[in-house]
Student: 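Got a structure for you, questions after.
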Amino acid sequence: MMIEFVPDQDLYPFESRWFDSSAGRVHYIDEGAGPAILFCHGSPTWSFLYRHIVTRLRDRYRCVAVDSVGFGLSERPSGFGYTVAEHTAVLGELIDHLRLDDFIVMGQDWGGPIGLGAAVARADRMRGIVLGNTVFWPIEAMANKAFSTVMSSRPMQRRILERNFLIERVLLSELGRTLTAAEAEHYRAVQPTAAARCGLAVMPREIRAATPLLAQLSLDVPALLGDKPTLAVWGMRDMVFRPKACLPRIRAAFDDLEIVELSDARHFIQEQAPEAIATAIAHRFR
């Protein structure tokens, strides 16, 4: 199924573009000119999350922001499993289709391992990396595993699908004071029905199910990307990927690393500190 929602041009002032991947139709934006930056979102968001960063950078960079299959305006194809591995493969197809070269990848939440997974297979084409509140190693924290178990249970799967729980009670509970009513509606409107939320329902399970993939990434990222200029922009109040647990592992993986601490930001940093993130990217990759 396709999503019929048309974003408000005042809130999302971009031209929608489409790519027919092997899995289904993928929505993305491609704005500006200059060194390319590929923006990868996590769950339960879409490219709308990056709107303030893209508008600040598109005068100097080519900004590509993609909606993973099952998210945003991208297709919800039958037969697609919505796993991190499948999302990574589709993203790789888009990178090759757009012929991105000497490009930067930014990933937050699941966008981190998805973006890095596509990047390690194209390490010779990478200019740099931006990571924000994400991981590329197995998720071992008990709180995260408990969240995975609870959200994968039958009652919670029903709430995710039927009541849009991950949007209403996870995303909007954190961002309620940050977003206008119209902006909040842009997160709801791309997940209008239970059938449209099938991708959302899979992602909590991937916290445990993607462990082998993340274990491989934990080896491949330092080995293949560890010498790339890297920027970590971190919400220091994040309870999902806590800075004290995550930042040391990022320091150990990259030789040329700069860290910008976003002292008041929590998990969805693109909504809470877009100006600081855009400034940090422009400074790091001048």
Side-chain angles (χ1 to χ4, degrees), residues 2-42 45-77 86-112 114-119 121-122 124-132 183 186-187 189-190 199 228 231 233 270-271 274-275 277-282 284-286:
M2 295 298 297
I3 303 301
E4 302 300 328
F5 176 68
V6 178
D8 184 332
Q9 277 289 304
D10 290 333
L11 296 179
Y12 189 77
F14 314 120
E15 178 186 350
S16 287
R17 301 173 187 269
W18 306 92
F19 167 58
D20 290 320
S21 77
S22 62
R25 203 169 189 221
V26 172
H27 173 261
Y28 68 99
I29 59 173
D30 192 342
E31 300 280 321
I37 309 177
L38 176 64
F39 295 100
C40 305
H41 69 84
T45 59
W46 60 294
S47 57
F48 186 73
L49 181 72
Y50 283 104
R51 67 197 180 283
H52 296 309
I53 296 172
V54 172
T55 55
R56 284 171 166 84
L57 293 178
R58 63 180 171 181
D59 62 332
R60 291 159 285 175
Y61 299 89
R62 178 186 178 187
C63 297
V64 179
V66 60
D67 294 347
S68 291
V69 176
F71 292 79
L73 302 180
S74 290
E75 189 175 357
R76 277 68 166 161
E86 288 167 294
H87 288 308
T88 302
V90 171
L91 182 64
E93 291 180 22
L94 178 64
I95 292 169
D96 295 343
H97 169 73
L98 296 177
R99 299 180 180 178
L100 297 184
D101 201 14
D102 194 32
F103 69 100
I104 300 157
V105 64
M106 176 174 181
Q108 180 262 346
D109 192 81
W110 280 117
I114 291 168
L116 290 172
R122 297 160 180 84
D124 59 331
R125 292 159 58 184
M126 296 298 301
R127 178 187 180 120
I129 297 161
V130 183
L131 298 176
E183 288 172 325
H186 275 61
Y187 284 112
V190 295
K228 303 294 182 182
L231 170 67
V233 282
Q270 301 93 324
E271 292 284 7
E275 185 170 358
I277 294 168
T279 298
I281 291 171
R284 185 73 171 103
F285 299 104
R286 284 181 292 198

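Residue numbers count from 1 along this sequence.
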Student: Checking Thr279 side chain against Glu275 main chain: does a donor-acceptor pair fall under 3.5 Å?
Tutor: yes
Student: Out of Leu98, Ile37, Leu57, which residue meets the side chain to side chain contact (heavy atoms under 4.5 Å, CB included) rule with Arg62?
Tutor: Leu98
Student: Which pair of heavy atoms, one from Gly128 and one from Lys228, lies closest together, and at what distance?
Tutor: CA-CB, 4.5 Å
Student: Hey, is the main chain of Val130 close enough, under 3.5 Å, to the side chain of Gln108 for a donor-acceptor pair?
Tutor: no
Student: Is the closest side-chain heavy-atom distance between Tyr50 and Met106 below 4.5 Å?
Tutor: yes
Student: Quick one: list whatever passes side chain to side chain donor-acceptor pair (under 3.5 Å) with Arg284, sequence neighbours left out.
Tutor: Asp256
Student: Quick one: pull up OG in Ser68 and CG in Leu91 and give me the separation to the nearest 0.5 Å.
Tutor: 7.0 Å
Student: Check step by step if side-chain contact (heavy atoms from CB on, under 4.5 Å) holds for His27 and Ile29.
Tutor: CA-CA 7 Å; His27 173 261; Ile29 59 173; 4.3 Å; yes
Student: Heavy atoms only: give me the nearest Pro274-His52 pair and the separation to one decimal.
Tutor: CB-CB, 3.5 Å
Student: What about the rings of Tyr12 and Trp46, do their centers lie closer together than 6.0 Å?
Tutor: yes
Student: Rounded to the nearest 0.5 Å, what's the gap from CD on Gln270 to CG on Leu49? Could you check?
Tutor: 3.5 Å
Student: State, with a plain yes or no, whether a side-chain heavy atom of Val66 is found less than 4.5 Å away from one of Phe19.
Tutor: no
Student: Can you name the nearest heavy-atom pair linking Val69 to His87, along with the distance?
Tutor: O-CE1, 3.0 Å
Student: Would Arg286 and Arg60 count as a side-chain contact (heavy atoms from CB on, under 4.5 Å) here? Give the steps.
Tutor: CA-CA 9 Å; Arg286 284 181 292 198; Arg60 291 159 285 175; over 6 Å; no
Student: Say whether, by atom type as modelled, one donor and one acceptor occur between the side chain of His186 and the main chain of Asp8 under 3.5 angstrom.
Tutor: yes
Student: Should Leu73 and Phe5 count as side-chain neighbours, where that means a heavy-atom distance under 4.5 Å?
Tutor: yes
Student: Tell me, please, which residues at least two apart from Thr45 pass side chain to side chain donor-acceptor pair (under 3.5 Å).
Tutor: none
Student: Partners of Asp102 by salt bridge (charged side-chain N to carboxylate O under 4.0 Å, His left out), sequence neighbours excluded?
Tutor: Arg127
Student: Checking the side chain of Tyr61 only, and the main-chain atoms of Phe285 only, is there a donor and an acceptor separated by less than 3.5 Å?
Tutor: yes
Student: Apply side-chain contact (heavy atoms from CB on, under 4.5 Å) to the pair His41 and Phe48, showing each step before the final yes or no.
Tutor: CA-CA 9 Å; His41 69 84; Phe48 186 73; over 6 Å; no
Student: Could you check if a side-chain atom of Arg51 sits within less than 4.5 angstrom of a side-chain atom of Glu271, using non-hydrogen atoms only?
Tutor: yes
Student: Please find the pair of heavy atoms, one from Cys40 and one from Val105, that lie closest to each other, and give the distance.
Tutor: SG-CG2, 4.0 Å
Student: Do Gln9 side-chain atoms and Phe14 backbone N/O form a donor-acceptor pair below 3.5 Å?
Tutor: yes
Student: Show the nearest heavy-atom pair for residues Ser74 and Ile3, with the distance to one decimal.
Tutor: O-CG1, 4.2 Å
Student: Using the side-chain contact (heavy atoms from CB on, under 4.5 Å) rule, take Val233 and Ile281 through it: C-alpha gap first, then chi angles, then the decisive distance, then the call.
Tutor: CA-CA 9 Å; Val233 282; Ile281 291 171; 5.8 Å; no
Student: Determine whether a donor-acceptor pair (N or O, by modelled atom type, separation under 3.5 Å) exists between the side chain of Arg76 and the backbone of Gly70.
Tutor: yes
Student: Using atom types as modelled and distance alone, determine if a side-chain donor or acceptor of Arg122 lies under 3.5 Å from a backbone N or O of Gly92.
Tutor: yes
Student: When rounded to the nearest 0.5 angstrom, what is the spacing between CG in Asp30 and CG in Leu38?
Tutor: 10.0 Å
Student: For Arg56, is there any backbone N or O sitting under 3.5 Å from a side-chain donor or acceptor partner on Arg58?
Tutor: no
Student: Nearest heavy-atom pair of Asp67 and Ser47: which atoms, and what distance?
Tutor: OD1-OG, 2.6 Å
